[in-house]
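As structure tokens, the structure follows; a few thoughts come after it.
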There are 2 protein chains.
Amino acid sequence: MSEQHKPPNKRTTIYHVALEAGVAPSTVSRAFSKPSRVNSDTAQRIRQVAERLGYRTNPLARALTTSRTHMIALVIADITNPVFAEIVRGAQHAAADAELTTVLIDAQESDRLERAALERALPTIDGIVLASSRMSDSAIRVMSKQRPVVVLNRAISDVPCVVTDNPRGVRRAAEHLGELGHDHLTYVAGPEASWANGIRWRSVLEAGMELEIRVRRIGPFSPTIEGGEMAADELRRRATTAVITYNDQMAIGLMRGLARLGINVPVDLSVVGFDNIVAADIVTPRLTTVAAPLFAEGAVATKHLLAMINGSRGHTGQPMVLPVRLVVRDSTGPRKTEHRPPWAPAVNAPPPTNSILLAGN
Amino acid sequence: MSEQHKPPNKRTTIYHVALEAGVAPSTVSRAFSKPSRVNSDTAQRIRQVAERLGYRTNPLARALTTSRTHMIALVIADITNPVFAEIVRGAQHAAADAELTTVLIDAQESDRLERAALERALPTIDGIVLASSRMSDSAIRVMSKQRPVVVLNRAISDVPCVVTDNPRGVRRAAEHLGELGHDHLTYVAGPEASWANGIRWRSVLEAGMELEIRVRRIGPFSPTIEGGEMAADELRRRATTAVITYNDQMAIGLMRGLARLGINVPVDLSVVGFDNIVAADIVTPRLTTVAAPLFAEGAVATKHLLAMINGSRGHTGQPMVLPVRLVVRDSTGPRKTEHRPPWAPAVNAPPPTNSILLAGN
DNA sequence: CTGAAAGCGCTAACAT
DNA sequence: ATGTTAGCGCTTTCAG
């Protein structure tokens with residue numbers, strides 16, 4: 001019934017090359033290792049022979065003796081979420097530079113799946129980048145005992161972390177809203193298991209404090225378009241003129257839900273998202289959002305992981321933080337209801353639409 | 001400067017288990033292989049001991065002797081393209097069922113990158129799913145000599161293929177357009193290296209023939225939002241009332257470009273996309289599009305690959321074809337004006353509002 | 001059904 | 001600088 005499809009195609013091994021070149025196998029091996037001895041006349045010749053014979057060193061066998069597989073795992077929370085595409089690109093770029101293969105693991109927003117997949121991949125990888133992991137801190141610490149781990153978008157003590165500057169992002173958004181005359185805003189929360197969700201809310205609180213904007217929170221909702229739509233219903237019952245959502249997908253869903261309820265964005269309500277996914281620029285109205293350097297996140301985390309794999313200690317102090325910027329588009333506008341008290345001056349010249357404010361100036 | 005971060009953590013091996021259980025290593029090995037001997041009293045005991053010791057068989061070592069790594073590669077054209085997310089999910093689902101790990105390779109629409117990454121991964125994988133590969137047919141055939149390969153969204157003789165029913169999809173779209181009164185349509189082409197692009201255009205030709213709709217083609221353009229925007233400029237110079245684009249992203253870009261030119265969709269122009277990505281439902285107007293069973297594509301292709309890996313011959317005859325359906329939304333509407341005669345040139349000056357393609361409205 | 005022995009392809013001490 | 005000798009952890013003959 002079944003006929004072997006591939007003749008597993010005898011690879012040419014070190015021995016074939018050794019024989020052909022008239023040297024010992026170990027010499028061949030040496031001709032293919034990293035440092036120095038690249039130029040002994042013999043090594044030269046060996047490489048030629050190897051090339052001619054189409055020799056390729058077998059990474060599995062190599063791994064068996066060196067216990068280095070040259071593969072790393074990149075775990076993302078949800079491959080369906082476009083945020084991760086750029087992160088993956090960044091990570092793969094960094095990994096490819098170091099000739100590492102990346103194993104992508106899609107956790108599908110599930111703690112359980114994440115652990116299971118990781119468990120399976122563990123013996124075949126040299127290290128792990130956890131992007132928006134849904135595992136518990138302690139589970140992550142356990143992993144990090146077995147393999148080098150770098151965590152993205154989350155801060156855990158004793159584990160190297162790369163995060164974006166959420167406080168500043170929120171702050172920028174709140175300032176922007178404040179300048180438009182909003183004196184109170186609602187945060188639409190995402191998954192509770194998300195570290196980013198926690199810090200964003202705390203940052204909202206803090207910014208509200210300093211900027212004298214009243215804040216409240218609704219949620220949690222699923223970090224998806226559907227989640228945002230659900231939030232719209234709940235939001236209708238609250239008096240609010242401005243919201244910040246956990247992420248862009250929710251913002252998009254929210255706007256859709258609001259439209260259905262006859263609430264106009266940005267006239268009746270201003271919406272700010274988080275992430276600056278591609279869709280943010282194609283919805284109507286175009287979404288104002290806090291943009292993170294996605295590619296850089298992936299790249300930085302991966303580079304750091306590589307360093308750890310190569311024996312560096314792993315920067316476990318403060319997390320590395322990457323800058324963000326506010327991208328102002330059309331989903332935010334001046335608060336135009338009359339309730340503003342006369343003593344609260346309107347605005348410092350609202351920024352022209354479409355301008356991009358860079359964090360840090 | 002560098003201090004070894006991980007003590008590579010001595011794994012417990014077959015020998016430890018063998019010792020503890022008082023049997024020969026080979027016996028332990030047998031207790032962990034697939035068929036029959038699951039129940040010899042000894043095997044039972046061995047498994048218990050193994051569990052207690054936290055033994056996990058090392059896939060690398062196993063692979064070295066069996067030359068089966070239990071990993072497969074899934075190559076996608078562009079991780080940024082949301083179409084692939086569902087395909088990946090489907091593939092991973094099927095793979096996980098068989099306890100295989102999936103290595104995701106993002107070709108970034110580049111022939112060269114695709115080959116390079118594949119080359120690197122080749123020795124560590126048991127098989128390959130090529131989703132929308134940009135490699136040449138012959139390159140793919142060469143790969144398929146070395147490892148089992150299943151190709152998605154493309155038909156190549158001598159290699160098992162899974163495709164969607166492009167002709168029917170196009171046909172449905174054309175019928176829909178025909179029913180709305182359009183008697184001629186433009187196909188906005190995607191990458192020439194894409195097999196799907198070729199067949200879609202041929203299907204347009206054919207449908208045009210049978211339904212008596214005049215067709216033409218513009219392009220190729222990049223299969224992205226930007227590509228679609230560029231197409232808008234070119235489209236303005238053509239008299240058309242309906243277009244089908246290579247994919248949704250282009251359709252979305254196209255609509256944006258058209259809006260910028262003051263052309264109203266669907267009033268002045270009807271647009272049909274391909275793929276039914278999530279964004280198709282959130283743009284304004286919502287995009288009419290041909291939906292493919294993405295998840296199933298990934299799953300079917302992967303299952304087939306698994307069968308091949310397990311020795312089945314590989315179904316190299318006609319490609320397996322998966323059904324599609326037309327999702328009608330708001331980007332298509334009745335042709336509501338007289339067809340402009342060919343000698344009446346399109347306007348070059350900034351159009352009045354809403355109609356430049358058509359005389360008399 | 002189990003034990004013994006011989007590798008898979010490579011690298012890492014040791015020698016020379 | 002090269003050759004020799006042991007394995008890495010597992011599977012797989014081949015005997016008992």
Side-chain angles (χ1 to χ4, degrees), chain A residues 4 6-47 49-50 53-71 99 122-126, chain B residues 4 6-47 49-50 53-71 99 122-126:
Chain A
Q4 203 59 29
K6 304 288 138 183
N9 226 352
K10 289 278 167 250
R11 306 189 105 262
T12 69
T13 79
I14 272 200
Y15 294 100
H16 301 153
V17 178
L19 198 70
E20 185 83 8
V23 298
S26 60
T27 311
V28 177
S29 175
R30 278 190 274 265
F32 283 91
S33 40
K34 288 300 157 56
S36 48
R37 318 79 134 184
V38 263
N39 273 336
S40 69
D41 41 344
T42 345
Q44 291 281 31
R45 193 164 41 85
I46 290 178
R47 273 189 229 100
V49 175
L53 265 49
Y55 166 76
R56 324 222 31 166
T57 133
N58 177 337
L60 269 57
R62 189 206 290 262
L64 193 54
T65 53
T66 59
S67 65
R68 294 281 290 279
T69 62
H70 293 259
M71 294 201 258
E99 312 232 280
L122 206 55
T124 58
I125 55 175
D126 291 337
Chain B
Q4 204 55 31
K6 305 290 138 186
N9 226 351
K10 289 276 166 257
R11 305 189 107 261
T12 68
T13 78
I14 270 198
Y15 294 99
H16 302 154
V17 179
L19 199 68
E20 185 84 7
V23 299
S26 58
T27 310
V28 177
S29 173
R30 278 191 273 264
F32 283 91
S33 39
K34 288 298 156 60
S36 47
R37 314 84 132 181
V38 262
N39 274 337
S40 70
D41 43 344
T42 346
Q44 291 281 30
R45 193 163 44 85
I46 291 179
R47 274 190 228 100
V49 175
L53 265 49
Y55 166 75
R56 323 223 30 169
T57 133
N58 178 337
L60 268 57
R62 190 207 290 265
L64 194 55
T65 54
T66 59
S67 64
R68 295 280 291 280
T69 62
H70 293 258
M71 295 201 259
E99 313 233 279
L122 206 55
T124 58
I125 56 176
D126 291 338

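Every chain is numbered from 1 and lettered A, B, ... according to where its sequence line falls, protein lines coming before strand lines.
- Expressed to the nearest 0.5 Å, how far OG1 of T124(A) lies from CG of L60(A) amounts to 9.5 Å.
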> What's the verdict on side chain to side chain contact (heavy atoms under 4.5 Å, CB included) for V23(B) and V28(B), showing C-alpha distance, side-chain angles and the deciding distance?
Replying inline: CA-CA 7 Å; V23(B) 299; V28(B) 177; 3.8 Å; yes

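- In this structure, CG of N58(A) is placed 6 Å from C1' of dG9(C), rounded to the nearest angstrom.
- Below the 3.5 angstrom threshold, one finds no donor paired with an acceptor across the side chain of R56(A) and the base of dG9(C).
- For Y55(A), taking side-chain heavy atoms from C-beta onward, the closest of the listed nucleotides dT12(D), dT4(D), dC10(C) is dC10(C).
- Atom CG of residue L19(B) and atom CD1 of residue I14(B) lie 13.0 Å apart, to the nearest 0.5 angstrom.
- Atom-to-atom distance recorded for H16(B):NE2 and R11(B):CZ is 11.5 Å, nearest 0.5 angstrom.
- Between R11(B) atom CZ and dG9(D) atom C1' the separation is 10 Å, expressed in whole Å.
- In this structure, CZ of F32(A) is placed 10 Å from P of dT11(C), rounded to the nearest angstrom.
- Set against dT11(D), dT11(C), dG3(D), the side chain of T27(A) has dG3(D) as its closest nucleotide.
- In this structure, the nucleotide among dG3(D), dT11(D), dC8(D) sitting nearest to the side chain of L64(A) is dC8(D).
- Dashed line: the shortest gap from a side-chain N or O of S29(B) to OP1 or OP2 of dT11(D) is under 4.0 Å.
- The closest side-chain heavy-atom distance from R56(A) to L122(B) is not below 4.5 Å.
- Residue V23(B) places its side chain closer to dG3(C) than to any other of dC10(D), dG3(C), dC8(D).
- For Y15(A) and dC8(C), a side-chain-to-base donor-acceptor distance below 3.5 Å is absent, hydrogens and geometry of angles not being considered.
- Residue R30(B) contributes atom CZ, which lies 13 Å from atom C1' of dC10(D) at whole-angstrom precision.
- Atom-to-atom, CG of L60(A) to C1' of dG7(C) comes out at 16 Å; the value is rounded to the nearest Å.
- As rounded to whole Å, 14 Å separates atom C1' of dG3(C) from atom CD1 of I14(B).
- Taking every side-chain heavy atom of T65(B) into account, dT11(D) is the closest of dG3(C), dT11(D), dC10(C).
- Distances were taken from every side-chain heavy atom of R62(B) (C-beta onward) to each of dA13(C), dC10(D), dC10(C); the shortest belongs to dC10(D).
- We find that CZ of R68(B) is positioned 14 Å from C1' of dT11(D), with the value rounded to whole Å.
- Distance from the side chain of T42(B) is smallest to dT2(C) among dT11(D), dT2(C), dC10(C).
- With dC10(D), dG9(C), dT4(D) as the choices, the nucleotide that has an atom nearest any side-chain atom of A61(A) turns out to be dG9(C).
- Distance Q44(B) CD to dC1(C) P: 13 Å, rounded to the nearest Å.
- With dT12(D), dG9(C), dG3(D) as the candidates, the nucleotide lying closest to the side chain of S26(A) is dG3(D).
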